[in-house]
Number of protein chains: 2
Amino acid sequence: MNENSIERLSKYKSSLQKLKTLGFLKVFSDNLADALGIQSAQVRKDFSLFGISGKKRGGYNVEDLLTSINTILGKDRIENVIIVGCGNIGIALMNYRGFVREKIKIIAGFDIDPSRMAKVEKIPIYTMEKLKDFIHAESVKIAIIAVPDIAAQRVADLLISYGIKGILNFAPIKLKSQGEVVINNVDLIQEIEKVIYYANAMDDDNGKES
Amino acid sequence: MNENSIERLSKYKSSLQKLKTLGFLKVFSDNLADALGIQSAQVRKDFSLFGISGKKRGGYNVEDLLTSINTILGKDRIENVIIVGCGNIGIALMNYRGFVREKIKIIAGFDIDPSRMAKVEKIPIYTMEKLKDFIHAESVKIAIIAVPDIAAQRVADLLISYGIKGILNFAPIKLKSQGEVVINNVDLIQEIEKVIYYANAMDDDNGKES
DNA sequence: TAGATTGTTAATCGATTAACAATC
DNA sequence: TAGATTGTTAATCGATTAACAATC
């Protein structure tokens, strides 16, 4: 139930979806381990942690396993999500095809400047004034923040006060959560800095070798 | 030198930049620990790991610390980066202001469909045919992949064969790296699934309590 | 000097992995 | 049955934290 095991669950799901498409009926912990580049014991440990069991000698039924994982990840139904901040990143996420495939539905965008409306197909964009009523009317639980960093904490506080339970934050600032809410900060700068660091470190190593 | 310590280095940097703006001259491990929500021992351990030292009783000099961290993260100069795939996410990244501030310069985009050119200011977009020559001519070491998942592995293999050393991948597929290259996979689906899982888990807990 | 903070060592904690009995 | 795979326990590994001597 730690963060890593949740992430792996998400990866198992994606592997299993491909196996299902290919017509596979069963799968062994060893296969999934290979797909993720981990040990088979890890796979079995993860499953046992979430109460998923297979058949000794017979492995796991692909269909059943997928159903179990989807239930755990809350993917047995469509999740309605809103996006606050309709700049480049917000708009890109609205148009992102991958979400639809995973039963994640962006049902509205919010922005201080409603003139951006033209850019997106089929997803309405409202002014910030509508935020509160919309969240209540649609019982929205999950929101994506894609506003500039200076506005991010204020938007987060608003969302939390309106009853949002989970936030995915793209603003380059670590949001502090007060109360019963999950905040996942995606820091693009940090991600590319990691790449740059390791790429440089690798080059340095090569320099030493030669 | 593990992945977590690199990530923290990136966060220290961002805290230090703010402190510098505010005119702070020195900082204690305790201050940085508070800012990141970790223990001060962790901060000192990280610094000692990277050979950064402070003054007993006097803490760390903000300016010097920032310089040291920037050098380690390779941020003492502008890093030229290219983006392959100029769909919504690619374009959003090209327009992302945060990169400029961090000395990350997107110098070109590449796409099979060059008609997208109109959308971005000042960053040229070329056809895939120009990729090889451009990488060689400009000695590009870092690339961002923002193509659809089916094309991602092929693009990655191309980039690697052209000498790219670090890849930040936004396609929802775990790329396999052969050889001397760093690949950092940013999986947006996975990030939002984590939020949904924890938000649901939190709601379930509340249900039990009441 | 007395007090505060670093730098490092040792202890703790938690996650991964190895190993193997159970069993299909 | 013999062989293969799960599920779980115990061992290992690595990262975080506590503690404290050194010292400014």
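Every chain is numbered from 1, with letters handed out A, B, ... down the list of sequences.
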- Task: For Gln39(A) and dA19(C), give me the distance from atom CD to atom C1', rounded to whole Å.
- Result: 12 Å

- Please state how far atom CD1 in Ile38(B) lies from atom P in dT17(D), giving the value in whole angstrom units. 8 Å

- Query: According to the Watson-Crick and G-U wobble definitions, with both distances under 3.5 Å, which nucleotide is paired to dA22(D)?
  - Reply: dT5(C)

- Query: Within the pair Asn2(A) and dG14(C), is there a side-chain N or O less than 4.0 Å away from OP1 or OP2?
  - Reply: no

- Counting side-chain heavy atoms from C-beta on, which of dT8(D), dT23(D), dA22(C) comes nearest to Ser48(A)? dT8(D)

- Report the distance from atom CD of Glu3(B) to atom P of dA15(C), rounded to the nearest whole Å. 16 Å

- Note on the structure: Picking from dT16(D), dG7(D), dT8(C), the nucleotide nearest the side-chain atoms of Arg8(B) would be dT16(D)

- Lys20(B), NZ: over 12 other non-hydrogen atoms inside 6.0 angstrom: no

- Message: Can you measure Leu9(B) atom CG to dA15(D) atom P for me and round it to whole angstrom units?
- Response: 15 Å

- Message: Quick check: on DNA chain D, is the nucleotide nearest Ile52(A) upstream (toward 5') of the one nearest Arg57(A), or the reverse? Name the residue that is more 5'.
- Response: Arg57(A)

- Residue pair Phe50(B), Ile69(B): steps toward the side-chain contact (heavy atoms from CB on, under 4.5 Å) verdict: CA-CA 9 Å; Phe50(B) 289 102; Ile69(B) 293 179; over 6 Å; no

- Message: Applying a 4.0 Å non-hydrogen cut-off, can you work out what Ser29(A) is touching in the nucleic acid: base, sugar-phosphate, or nothing?
- Response: sugar-phosphate

- Query: At under 4.0 Å between heavy atoms, what does Asp30(A) touch on the DNA or RNA strands: base, sugar-phosphate, or nothing?
  - Reply: nothing

- Message: Considering every strand and a 4.0 Å limit on heavy-atom distances, what is the contact class for Tyr60(B): base, sugar-phosphate, or nothing?
- Response: sugar-phosphate

- Base, sugar-phosphate alone, or nothing: which one does Ser53(A) contact when heavy atoms must sit under 4.0 Å apart? sugar-phosphate

- Message: Exactly one of Gln39(A), Arg44(A), Gln42(A) should register a side chain to side chain donor-acceptor pair (under 3.5 Å) with Ser29(A). Which one does?
- Response: Arg44(A)

- Would you say Gln42(B) reaches dT16(D)'s phosphate, i.e. side-chain N/O to OP1/OP2 under 4.0 Å? yes

- Side-chain contact check for Arg44(A): nearest option of dA19(C), dT6(C), dC24(D) is dA19(C)

- Item | Aromatic plane relationship, Phe134(A) with Tyr126(A) - under 30° parallel, 30 to 60° tilted, over 60° perpendicular | tilted

- Minimum-distance nucleotide (side-chain atoms of Ala41(B) versus dT5(C), dA18(D), dA15(D)): dA18(D)

- Item | 5′-ward residue of the pair Phe47(B)/Asn4(A) relative to DNA chain C | Phe47(B)

- In whole angstroms, how far is the C1' atom of dT17(D) from the CG atom of Leu36(B)? 16 Å

- Does dA11(D) have a Watson-Crick or wobble partner in any strand here, with both distances under 3.5 angstrom, and which is it? dT16(C)

- Task: Output the single nucleotide from dT17(C), dG7(D), dT6(C) whose closest atom is nearest the side chain of Lys45(A).
- Result: dT17(C)

- Note on the structure: Tested for ring pair (Phe, Tyr, Trp, His ring centres under 6.0 Å) against Tyr60(B), the lone hit among Phe24(B), Tyr12(B), Phe47(B) is Phe47(B)

